[in-house]
Amino acid sequence: MTKEKLQTRIKRIIDNFLLINLFVVIFFAIFFIFAVIMEFNGVSSLLNIFQKLWNPLVVPLITILIVSSLLNGINSWLRRKLLSQEEDI
């Protein structure tokens, strides 16, 4: 396998992982909203489940999402900066 194909394959795997991560975070946000609504109606079991999943699962998922967004922004900023410097030369 060539280096370019390997880089493309790794990028595709990372992109798929981050996309799945995004949808899982969205699912947990919807689950939280539903659990709060059920708490107002007197059913506290869903909110208890969410609270048990918060630290071991939801916080790392949100952290991965935020860090990947920051890294993507820094990466694109650096690419633009380097491209503009190459054009100036």
Side-chain angles (χ1 to χ4, degrees):
M1 202 183 273
T2 65
K3 184 178 179 182
E4 190 175 299
K5 285 184 180 180
L6 181 63
Q7 287 177 345
T8 305
R9 182 176 167 90
I10 291 173
K11 184 181 180 326
R12 192 175 328 132
I13 290 170
I14 292 172
D15 286 344
N16 287 338
F17 171 74
L18 292 175
L19 186 63
I20 291 169
N21 183 29
L22 173 67
F23 284 116
V24 171
V25 169
I26 290 171
F27 168 77
F28 275 111
I30 293 169
F31 181 76
F32 174 72
I33 292 169
F34 184 71
V36 169
I37 292 170
M38 294 304 290
E39 177 75 22
F40 286 139
N41 290 327
V43 180
S44 62
S45 61
L46 290 177
L47 195 57
N48 291 337
I49 292 171
F50 184 81
Q51 288 173 342
K52 289 179 183 177
L53 293 175
W54 177 254
N55 276 332
L57 187 61
V58 179
V59 171
L61 288 172
I62 293 172
T63 303
I64 291 170
L65 185 65
I66 291 172
V67 168
S68 65
S69 297
L70 288 173
L71 289 176
N72 187 23
I74 291 169
N75 185 24
S76 65
W77 178 77
L78 285 174
R79 283 187 181 182
R80 274 187 274 135
K81 190 85 165 170
L82 291 175
L83 284 176
S84 66
Q85 286 178 356
E86 286 178 2
E87 290 174 358
D88 290 340
I89 295 178

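Index from 1, following the sequence. If you're wondering where the values come from, they're calculated on a predicted model, not measured in any experiment. For the numbers below, each heavy atom of this structure counts, side chains included, while hydrogens, waters and symmetry mates do not.
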Over 60° means perpendicular and under 30° means parallel, so classify the ring planes of F27 and F31, tilted if in between.
parallel
For the side-chain contact (heavy atoms from CB on, under 4.5 Å) test, which of N48, N55, I49, L53 pairs with Q51?
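When side-chain contact (heavy atoms from CB on, under 4.5 Å) is applied between Q51 and each of N48, N55, I49, L53, only N48 qualifies.
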Applying the 4.5 Å side-chain criterion to the ILVMFWY set and letting contacts propagate, would [X] and [Y] be lumped into a single cluster?
X   : Y   : answer
V58 : I66 : yes
I74 : I64 : no
F34 : F40 : yes
L18 : V24 : no

In Å, rounded to the nearest 0.5 Å, how long is the span from [atom1] of [X] to [atom2] of [Y]?
X   : Y   : atom1 : atom2 : result
I30 : I33 : CD1   : CD1   : 7.0 Å
L22 : F17 : CG    : CZ    : 11.5 Å
L71 : S76 : CG    : OG    : 11.0 Å
N21 : L61 : CG    : CG    : 5.0 Å
N75 : L70 : CG    : CG    : 12.5 Å
R79 : S84 : CZ    : OG    : 14.0 Å

Apply side-chain contact (heavy atoms from CB on, under 4.5 Å) to residues I62 and W54 and explain how you reach the verdict.
CA-CA 10 Å; I62 293 172; W54 177 254; 4.1 Å; yes
Are L57 and F28 packed together at the side-chain level, in the sense that at least one heavy-atom pair is separated by less than 4.5 angstrom?
yes
